[in-house]
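What follows is a set of notes on a single structure, which appears directly below.
Lettering follows sequence order; numbering is per chain, from 1. The figures that follow rest on heavy atoms only: side chains count, while hydrogens, waters and symmetry mates do not.
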2 protein chains.
Amino acid sequence: MVLTRKTPTIQDVALRAQVSSATVSRVLSAPERVSEKTRERVNAAVRDTGYSINQAARSLRMKTARTLLMVAPNIGNPFYSVILDAVIDEAQKRGYGVLVGTNIGLDPGRWLTDYLLSTRADGLLLFHGGLDPEDLHTFAREEGISLPVVASYDEPPAPLVTSVVTDNRAAAARAVRYLMQLGHTKIGHLAGPVRNNRPNERLLGFEEAMTAANLPLNPAWILPGNYDQPGGIAAARAILALTERPTAMFCGNDESAFGFIHGLREGGVECPRDISVIGFDDVGQAEIYHPTLTTMRQPREDLGRVATRRLIDIIEKRETPTDPVHVVLPAELIIRESTRALDSSGR
Amino acid sequence: MVLTRKTPTIQDVALRAQVSSATVSRVLSAPERVSEKTRERVNAAVRDTGYSINQAARSLRMKTARTLLMVAPNIGNPFYSVILDAVIDEAQKRGYGVLVGTNIGLDPGRWLTDYLLSTRADGLLLFHGGLDPEDLHTFAREEGISLPVVASYDEPPAPLVTSVVTDNRAAAARAVRYLMQLGHTKIGHLAGPVRNNRPNERLLGFEEAMTAANLPLNPAWILPGNYDQPGGIAAARAILALTERPTAMFCGNDESAFGFIHGLREGGVECPRDISVIGFDDVGQAEIYHPTLTTMRQPREDLGRVATRRLIDIIEKRETPTDPVHVVLPAELIIRESTRALDSSGR
DNA sequence: TTCCCGAATGTAATCGATTACATCGTTGCG
DNA sequence: CGCAACGATGTAATCGATTACATTCGGGAA
């Protein structure tokens, strides 16, 4: 901001209202501590001067930035962008701004340093982003910092860090069971990435459901993916190259499911005619893709809102959550066109 | 941030390096002004103490936040999220953070106040968001503020505000001409919203191309939209209800094109068999939708990067761009499956 | 009437980095 | 040898809001 005239400060307001700056400050943060008459005078002065608080000064004094930092691997993915929307909205309601960082890939130390230790942000909303919450925790501990973090992952949550997650394993199992209900037994899985050396929960859910139903896990049908479209296309090619193909595929997320279906189609194999596909997330596109996508809906907006609320609570209570909370939100099966029942002959 | 031990300040570093805090500050911001020997000593002390600058103090003193504010109507739209990604990356390179605001819908005054005048952000990246850059300019002028803003719109840019835009009108005309090349003459348009009382450039481009080719503008084929899927679906229904339908449709953006194609399909009308559709943006989905979408590719990443660079330049040069720059980036026609040529009989 | 108490308000220190200005020591030149 | 000039560094004021502590004032109780 380049100002051609100076912004009014709290002193200017005080002068105009004929009180001290302390009183103005009180009117603004603890109105009940000031007599009604003065309060009105001050409020009028605030209006007249067009005063707006200087956040930098406030932050310096209070050691608080009223700002959250959200980190996601790739905001470009519609999955995260809806969450971001919710985060911003919720934060705004509580008077916080939202800084966004992406996939920094640098060491967490420098990173945290830049944002958190420098009074730029008061807490961290972690939606992946190559930061292992456990590492973070360790780092913070070594530095003698108690760092407000809320994580939202699809791996099992780090026990030491407050988290808000979907029940990925259960939801994955539900998806797979739905395919079974449709008569499928030859079921494959396009997996998500393995992050932070933790098992992928959706893969676990898949394995769990298959095993529980006494169905074989065919390694050729379990493909590595990265939750993106190209991965889906590559997986489709891999499947097309097989002589024996699955009749149904559980894809780790919608993006990769779209890629997969597209890849199949390029090879002349149609979904759901030849292969049923179920996704995960229920992004906006799922409803209008062709075929419309059967998927497990994640309550993305809720994820964002709940995570934000929790983070602000942690920040404002100024309590180290020695016993972190793990909120688990349910996912919902959304049935659409991309899955079909096999008839009695198994076709 | 809750600290269990205090963060090292510049004083601590000074103490350890046996110099004054002024010298430490110099080493950090103007190393050449300090002798090599002292410089090394200070750098070592910085490392030893794990010092990281207190942004709030710096901001207070320098009246600068090293932060940009990006405003977009709806980050959930993949169009904006890719831009955001680029903005964040570019800003980070220059040492800036990115605050994100959405569709506030409040009056620009209060809004600006909260962010810009309060030393929270140094400049504004405006990707719509219900703020008219002209209003902003006026507001700022009245307040005696010179406000660094870069806008990226699909309306004609406000002459007073620096902007980085795609050449929407030319690109729209190009899209329409392509449809004509394929033999289409009955061409409709699913328009974008009218914002800030300015004509929609893509609509203008459409009209321009039609008129130039002496083709009639059928009002029943020019439908209002909002750049979103539901609008596309609604438009499809409207078209389906007509006895005489266009053979090709130019949709204002990809999102609405997807909705439109989907809506057609629900009514048993296939794209491109019955109606060709061309979109605008080239979002990630365009490449794997079924049919894959012919569209005008906007250089979204470039938009984000260029806008960010320009904004930072404005901020750092501390110059009021009395003669604002308007960067225009070209769009590119991407031909895919959703458009087909009519044969000689016009089918 | 005097004294105490509490509500309302003021005074001034404080947060941490930047920077104008002052100081000190060298070097170079007349 | 003396002094100017310059480079390196230190001193201290400053940015604007918060808040611990001090002050003032009025009312009620003894």
In chain order, what residues pass the salt bridge (charged side-chain N to carboxylate O under 4.0 Å, His left out) check against B:R198, with sequence neighbours excluded?
B:D132
Are B:R39 and B:E32 ion-paired here, with the side-chain N under 4.0 Å from a carboxylate O?
no
Outer limits of DNA chain C sitting under 4.0 Å from a non-hydrogen atom of chain A, read 5' to 3', are C:dA8 to C:dG16
Output yes when a side-chain donor or acceptor of B:T162 lies under 3.5 Å from a complementary backbone atom of B:P324, and no otherwise.
no
Check every strand shown and say whether B:S59 touches a base, only sugar-phosphate, or nothing at a heavy-atom separation below 4.0 Å.
nothing
Which residues satisfy the salt bridge (charged side-chain N to carboxylate O under 4.0 Å, His left out) test with A:E301, sequence neighbours excluded?
A:R305
Any donor-acceptor pair under 3.5 Å from B:T67 side chain to B:A65 backbone
yes
Near DNA chain C, which residues from residues 19-34 of chain A have a heavy atom under 4.0 Å away?
A:V19, A:S20, A:A22, A:T23, A:R26, A:V34
Axis-to-axis angle across the helix from C:dT1-D:dA30 to C:dG30-D:dC1, five pairs an end, to 10 degrees?
60°
Heavy atoms only, 4.0 Å cut-off, all strands: where does B:R61 land among base, sugar-phosphate and nothing?
base
Is a side-chain donor or acceptor of B:T9 paired with a backbone partner of B:Q11 at a separation under 3.5 angstrom?
yes
Does the pair A:R41/A:D48 count as a salt bridge with the N-to-O cut at 4.0 Å?
no
To the nearest 0.5 angstrom, please state how far the OG atom of A:S152 sits from the CG atom of A:L303.
4.5 Å
Salt bridge flag under 4.0 Å for residues B:D313 and B:R94:
yes
Salt bridge (charged side-chain N to carboxylate O under 4.0 Å, His left out) against B:R309, all qualifying residues, sequence neighbours excluded
B:E90
